[in-house]
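Just so it is clear, the model here is predicted, and its values are computed rather than measured. We count residues from 1, following the sequence as given. Atoms within a ligand are numbered from 1 in the order they appear, just like the ligands themselves.
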Amino acid sequence: MSRHQHSEALYEAALKVIPGGVNSPVRACRSVGMACPPFIQRASGSKIVDADGNTYIDYIGSWGPMILGHRHPEVVAAVSAALDRGMSFGAPTDLETRLAEMVIDAVPAVEMVRMVNSGTEATMSAVRLARGYTGRDDIVKFDGCYHGHADSLLVAAGSGVATLAIPGSPGVPEAFAAHTLSLPYNDADGFRKVMKAQGDRIAAVIVEPVAGNMGLVPPLPGFLETLREETSRHGSLLIIDEVMTGFRVAYGGAQSLFNIQPDLATFGKIIGGGLPVGAYGGRRKIMERMAPGGPVYQAGTLSGNPMAMAAGIATLTRLQAPGFYENLDRVSDRLARGLKSEADKAGIPVSVSRVGSMLGMFFTDGPVHNFSDAKTSDLERFTRYYQGMLNEGIYLAPSQFEALFVSAAHNEADIDATLAAAGRVMSTLAG
Ligand SMILES: *Cc1c(COP(=O)(O)O)cnc(C)c1O
């Protein structure tokens, strides 16, 4: 009998009423040959439990938000206190100002911030603002970076688009896609050439400062600096998309780690503490172009939702604890080194990368500096690794082109168990 029989039944029911049975394609587990995705019943700390009662050590963390682990007591208390006062008012509350102040205090480049409901909304709005502010239409992104599913950003995208090998999405008019130029990640020279030729038509350059949607690909020294220099030179705005990296790789995000100040930055995932939140912010002069003060329009019925703001405030407050990121870094480093060493012992070529608590392991010799490199990975081997790890009780993202997230709830015993499992699975992967 399958250890996923309840999930299989739930998936069958879902398939009848939801396209592909899922509300976000990456959840489907199709690319890794699974009959169904595990349906989740509950989670706590570093553990997640599926509908068949299987318990896993969770390295997806809701795709990034759960940096404190699931159901952190302070976050739960803050959300239930907000719930007691009402679920949504469609009117300003003090909580919105407080979360905005926390983002501004954390990120020097952000002087004003607008809350939205998802990372997609944040990047879509930032691009619109950049176009409205500069009076230009074209934008530059990088192959394998994912910035949500807005029309202009679904070109050569990472995450599910990469996993499912979708070249460009039907439904995005060619005329829209024509305004988006996608270049190889980490190619500073190539970028410089493009800016030299057409920089005066580029409204914005948007980048994942650490690419986490094609597996994990850190920026090479000088890459982000080149983006900053060239955008300044040509009057284009630099948008650093910190939806994944913000409050993850450091409290101030990747921009603090690499010391790069963008014109606009986008957030999501962690700032909602597990509830749907996104945000975009930047220099006051630019942000003041937004309605109602300025002419660039963007709105949201549920934006700044009180429960979501409360979850964000509680999460960020917790992240300010002394030593928080040092501890997370230490645990994550042990995991990254351990995975590499288990692969080495089994004679399986892998390229492991890590920035803070974001990890990637490509089944290739590497090095992996861009999406073409990432695509040299042995996907068939990844599938066997994924399935083996799931059987061992380790819940990984079901794609070679996604990152792993370690949370503060992962302890030494979790890492020991994960590495022991990896050792057993790796030993079956040769050939
Ligand atoms: C997840 C992600 C998004 C999209 O956020 P959603 O909340 O899924 O819409 C955008 N940019 C990056 C870098 C992301 O990782």
*asked:* Would the distance check show the side chain of K141 and the main-chain N or O of L153 forming a donor-acceptor pair, the cut-off being under 3.5 Å?
replied: no

*Is it true that the NZ or CZ of K375 lies under 6.0 Å from the centre of F371's six-membered ring and within 45 degrees of the ring axis?*
yes

*Heavy atoms only: which of G246, C145, G119 is nearest to atom 6 (P) of ligand 1?*
G119

*Which atoms of ligand 1 are found less than 4.0 Å from any heavy atom of G148?*
3 (C), 4 (C), 10 (C)

*Record the part of N213 in heavy-atom contact with ligand 1 below 4.0 Å; permitted values are side chain, backbone, both and neither.*
side chain

*Does the pair R233/E230 count as a salt bridge with the N-to-O cut at 4.0 Å?*
yes

*List every atom of ligand 1 that sits less than 4.0 Å from any heavy atom of S118, numbering the atoms from 1 in the order shown and giving each element.*
7 (O), 9 (O)

*Please work out which of M244, K269, E402 has its closest non-hydrogen atom nearest to atom 14 (C) of ligand 1.*
K269

*Give the atoms of ligand 1, by number and element, whose distance to some non-hydrogen atom of E208 is under 4.0 Å.*
13 (C)

_Worked verdict on R228 versus Q261 for side-chain hydrogen bond (donor to acceptor under 3.5 Å, both in side chains)_ = CA-CA 8 Å; R228 179 64 284 179; Q261 297 238 334; over 6 Å; no

*asked:* In this structure, is the centre-to-centre distance between the rings of Y59 and H410 below 6.0 Å?
replied: yes

_Looking at D333 and R330, is any side-chain nitrogen of the basic one under 4.0 Å from a carboxylate oxygen of the acidic one?_
no

*asked:* Students should be able to answer this: which protein heavy-atom is nearest to atom 3 (C) of ligand 1, and at what distance?
replied: V243 CG1, 3.6 Å

*Is there at least one pair of N or O atoms, one from H147 and one from ligand 1, spaced under 3.5 Å apart?*
no

*Specify the protein heavy atom at minimum distance from atom 11 (N) of ligand 1: its residue, its atom name, and the distance to 0.1 Å.*
D241 OD2, 2.7 Å

*Look at R136 together with D200 and state whether they make a salt bridge at an N to O cut-off of under 4.0 Å.*
no

*From atom 8 (O) of ligand 1, is the closest protein heavy-atom distance below 4.0 Å?*
no

*asked:* Counting only nitrogen or oxygen atoms and a 3.5 angstrom limit, does T120 reach ligand 1?
replied: yes

*Before accepting this row, confirm whether a basic side-chain N of the pair D263/R283 lies closer than 4.0 Å to the acidic partner's carboxylate O.*
yes

